[in-house]
Amino acid sequence: MVADPPLLNTQGVHQPYTPRLIVEVVTADGITGVGETYGDAKYLELARPFAERLKGHQVSDLNGLFTLADQVAVDRSRVENAVDVGGLRGVQTADKLRLSVVSAFEVACLDALGKALGLPVHALLGGKVRDAVEYSAYLFYKWAGHPEGVPAEKDDWGAAVDPAGVVEQARRFKERYGFTSFKLKGGVFPPDEEISAVRALAEAFPGHPLRLDPNGAWSVETSVKVARELRDVLEYLEDPALGTPAMAEVAERTGVPLATNMCVTTFAEIREAFTKGAVQVVLSDHHYWGGLRNTQQLAAVCRTFGVGVSMHSNTHLGISLAAMTHVAATVPDLHHACDSHYPWQSEDVLTERLTFEGGKVAVPDAPGLGVELDRERLAVLHRRWLDDDGALRDRDDAAAVRIADPEWVTPSMPRW
Ligand SMILES: O=C([O-])C(=O)C[C@H](O)[C@@H](O)C(=O)[O-]
Ligand SMILES: [Mg+2]
């Protein structure tokens, strides 16, 4: 479990620790490869039997991973009527769960294969077309600390609950990491307040690309209003409303580009969304899409339809950032900076953290992912998971708010 600051979203607030699953494959020759994905119980339940089936499998047989995953049963009660990560990434299905698990193993196999061949992962994916991948700062409304009585790592970011706080946070992101584009997680405060925050960012950072992402918290009418008010400063609006028909209406009525990591999360959802003009940029979460090669395939489909592609992230560690960076380096038409939670994570399982210079991560050229697992750090984070009584083993952003406000109920959507 990895320390996470009290970041606010429309469902609640991040708990002090978030579970991540670290996967390690070992070849017959003793070469190891690492991967990372979501670590809630439902992912672990699937990863264990899946790992059993992989014994004796070739690390180069990446297509075979999907066939094997289909043989692993998913507990239907885990996915029926469930929404993933507190409802922030659309409806959960057995297939999406399987793909998220496969992604960690695919990355681990690529890491091992690259080390065996002396090639970086990007070379196994066809070769990099850029030497550094650009990321945007991922701004969050944020409390100064977790609710009283909750033991957690201290962070030095302070609170951000109004436009001035958001601008200050952005300034520090720019100073520390050189980011030049900013994504604000919205859906937290009434839309007018979030419009003011984006306006304040536009004034403080003229010409910098800005995005606002309320995770589908607005009705079509609210989305249209916000889009019209911010059209002159937004690079894109991300998931203002839930679902393809609502997104299509907002796009049609405003002409403001819409991005998504909620209404297009599988290949099956592409046809309707693209035909209706519902989205102009698809943001791949490589875990959710089933790995790096599926992300490349998504990019090819987007290119075919003239739709943009980029990547978004969730709370994650350096293995996932390295994986994102390798695949992003191979996507020819990457015209929007990817977003990453990584700067919010004070902890990692790597011997050396990845760094952002000028808002970019240099594409590693060492064999495999180019990262090394720090087993001691991993053991510390694992010990925290073992010691947890179960309260934090599944991410639950509403539970974290209820500690401060017992009356809190998860808002029904659209919230505004
Ligand atoms: O772009 C997004 O929608 C996300 O990154 C979803 C995340 O779950 C984010 O909202 C969070 O972690 O609070
Ligand atoms: Mg989003």
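Just follow the structure's listing: the first ligand is 1, and inside any ligand the first atom is 1. The structure displayed is predicted, hence computed values, not measured ones.
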Step through it carefully: locate the ring centre of His122, locate the ring centre of His326, and say whether they are under 6.0 Å apart. yes
With a cut-off of 4.0 Å, which atoms of ligand 1 are near a heavy atom of Lys185? 1 (O), 2 (C), 3 (O), 4 (C), 6 (C), 9 (C), 10 (O)
Report, in ascending order of atom number, the atoms of ligand 1 lying under 4.0 Å from any heavy atom of His14. 11 (C), 12 (O), 13 (O)
Of all the heavy atoms in Glu238, does at least one lie under 4.0 Å from an atom in ligand 1? yes
Tyr38 and its side-chain hydrogen bond (donor to acceptor under 3.5 Å, both in side chains) partner, picked from Asp285, Thr18, Asp394: Asp285
Is the terminal nitrogen or CZ of Arg415 (NZ for Lys, CZ for Arg) located under 6.0 angstrom from the six-membered ring centre of Trp218 and within 45° of that ring's axis? no
At a 4.0 Å threshold, what atoms of ligand 1 neighbour a non-hydrogen atom of Lys183? 1 (O), 2 (C)
Going by distance only, is there an N or O of Asn9 that falls short of 3.5 Å from an N or O of ligand 1? yes
Can Lys42 and Asp75 be counted as an ion pair, charged N to O under 4.0 angstrom? no
Does the structure place the NZ or CZ of Arg211 under 6.0 Å from the centre of the six-membered ring of Phe182, at an angle of no more than 45° from the ring's axis? no
Report for the Mg ion (ligand 2), protein N, O or S closer than 2.8 Å, by chain and number, lists Asp213 OD2, Glu238 OE2, Asn261 OD1
Where do Asn215 and Asn9 land on the side chain to side chain donor-acceptor pair (under 3.5 Å) test, with the steps shown first? CA-CA 8 Å; Asn215 281 114; Asn9 59 44; over 6 Å; no
One finds that the ligand 1 atoms under 4.0 Å from a non-hydrogen atom of His312 are 1 (O), 2 (C), 4 (C), 5 (O)
Does the separation of the ring centres of Phe140 and His341 fall below 6.0 angstrom? yes
Does some non-hydrogen atom of Arg395 fall short of 4.0 Å from ligand 1? yes
The single option from Val233, Val226, Val166 passing side-chain contact (heavy atoms from CB on, under 4.5 Å) against Val198: Val233
Any heavy atom of Asn215 sitting closer than 4.0 Å to ligand 1? yes
His208/Phe179 aromatic ring centres below 6.0 Å: no
Would you say Asn261 contacts ligand 1, with heavy atoms under 4.0 Å as the rule? yes
Tell me whether the centres of the aromatic rings in Tyr141 and Phe189 are closer together than 6.0 Å. yes
For Met262, state whether at least one heavy atom is located under 4.0 Å from any atom of ligand 1. no
Residue Asp213 vicinity, atoms of ligand 1 by number, heavy atom under 4.0 Å: 1 (O), 2 (C), 3 (O)
Return yes if a side-chain donor-acceptor contact under 3.5 Å exists between Thr315 and Asp4, otherwise no. yes
